[in-house]
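These values consider heavy atoms only, across backbone and side chains, with no hydrogens, waters or symmetry-generated copies.
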Amino acid sequence: MNRIMQRYYPLFRSYQRLRDDLLERLTDQDLAFTPGGTNPTLGELCREIGQTQQAYIDSFRTFTLDFEDHRPAPPARDVAGLRGWYEAMDRELEQVIAGFTDEELAEKQVDRGGNFRISIRANLDIYKEALIIFYGKATVYLKLLGKARSEQWEEWIS
């Protein structure tokens with residue numbers, strides 16, 4: 001087992017599980033909510049973070065981060081579809097990260113465009129930051145919908 005899986009991934013999983021916590025509190029109808037203006041629906045916001053995760057998964061395979069390659073995603077109005085999609089990607093991400101040797105973790109870098117190359121661990125950290133940004137946005141939607149947030153959500157995000 002590589003050092004990311006031993007030392008980092010257990011905590012990282014806790015960040016991913018906040019998405020599960022979010023979906024447990026939502027209905028398909030909630031996914032259609034938008035605070036107005038040019039803001040996306042909550043479902044579109046949820047689909048966007050899934051597409052972001054897929055880009056990161058692919059970057060760990062190709063060592064190039066590309067946000068333009070969008071695979072089919074579930075409808076932005078289906079909680080069960082989003083949940084299944086997230087679960088499949090979470091397994092895929094864990095499998096990809098677990099497949100690296102410590103030597104590969106030390107040597108390989110992900111090209112994020114231009115001359116910006118970073119380690120696999122740093123790339124995973126930046127994805128975690130994308131999750132935190134998503135949770136901050138989702139918090140606004142939850143508050144506007146009058147939805148309760150879990151204790152972990154309150155402690156880590158709100």
Interatomic distance, CZ@Arg17 vs CD@Gln152, rounded to 0.5 Å, equals 9.0 Å

For Phe67 and Ala55, the nearest pair of non-hydrogen atoms, with its separation, is CD2-CB, 3.7 Å

For Val79, is there any backbone N or O sitting under 3.5 Å from a side-chain donor or acceptor partner on Asp28? yes

Please tabulate, for side-chain N and O atoms in residues 6-14, each donor-acceptor pair with protein atoms closer than 3.5 Å (sequence neighbours left out).
residue, atom, partner, partner atom, Å
Tyr8, OH, Asp125, OD1, 2.5
Tyr9, OH, Glu94, N, 3.3
Arg13, NH2, Glu94, OE2, 2.7

CG of Leu142 to CG of Leu26, rounded to nearest 0.5 Å, is 6.0 Å

Hey, mind stepping through Leu145 and Arg25 against side chain to side chain contact (heavy atoms under 4.5 Å, CB included) and telling me if it holds? CA-CA 11 Å; Leu145 284 166; Arg25 298 170 190 291; over 6 Å; no

- For the pair Lys137 (side chain) and Leu45 (backbone), establish whether a donor and an acceptor sit closer than 3.5 Å, ignoring hydrogens and angles. no

message = Check this for me: Gln95, atom CD, are more than 12 non-hydrogen atoms of other residues, nucleotides or ligands nearer than 6.0 Å?
response = no

Between Tyr127 and Arg19, the two heavy atoms sitting closest are OH-NH1, 3.5 Å

Rounded to the nearest 0.5 angstrom, the CD-CD1 distance for Glu44 and Ile49 is 15.0 Å

When clusters are formed by joining ILVMFWY residues with side-chain heavy atoms under 4.5 Å apart, either directly or through shared neighbours, do Ile133 and Leu65 land in the same one? no

Would you check if Gln54 and Glu92 make a side-chain contact, meaning some heavy-atom pair closer than 4.5 Å? yes

message: Between Asp90 (side chain only) and Glu87 (backbone N and O only), is there a donor and an acceptor less than 3.5 Å apart?
response: no

d(Leu131 CG, Leu18 CG) to nearest 0.5 Å is 8.5 Å

message: Taking atom CD as the centre, does Gln29 end up with more than 12 heavy-atom neighbours from other residues, nucleotides or ligands that are less than 6.0 angstrom away?
response: no

**Asked** When you measure from the side chain of Tyr135 to the backbone N and O of Tyr15, does any donor-acceptor pair fall under 3.5 Å?
**Response** yes

Give the intermediate values and the outcome of side chain to side chain contact (heavy atoms under 4.5 Å, CB included) for residues Ile4 and Phe100. CA-CA 9 Å; Ile4 288 179; Phe100 290 116; over 6 Å; no

Residue pairs meeting salt bridge (Lys or Arg N to Asp or Glu O under 4.0 Å), one or both in residues 103-116, sequence neighbours left out, come to Asp111-Arg117

Tightest non-hydrogen contact, residues Trp85 and Pro72, listed as NE1-O, 4.4 Å

Check: Phe60 main-chain N/O paired with Asn123 side-chain donor or acceptor under 3.5 Å:
no

Taken to the nearest 0.5 Å, the spacing of Leu105 CG from Asn2 CG works out to 4.5 Å

Tightest non-hydrogen contact, residues Met5 and Ala98, listed as CG-CA, 3.7 Å

| query | Heavy atoms, side chains only, cut-off 4.5 Å: are Ile118 and Ile126 in contact? | reply | yes

Residue pairs passing the salt bridge (Lys or Arg N to Asp or Glu O under 4.0 Å) test with at least one member in residues 34-43, sequence neighbours excluded, are none

Separation between CG (Leu22) and OH (Tyr86), nearest 0.5 Å, reads 7.0 Å

Closest non-hydrogen contact found for Asn39 with Tyr141 is CB-OH, 3.8 Å

- Has the side chain of Arg149 got a donor or acceptor atom that lies under 3.5 Å from a matching backbone atom of Thr139? no

* Asked: Among the clusters formed by ILVMFWY side chains lying less than 4.5 Å apart, do Val140 and Trp156 turn up in the same one?
  -> yes

Heavy-atom nearest pair, Cys46 first then Leu31, reads SG-CD2, 4.4 Å

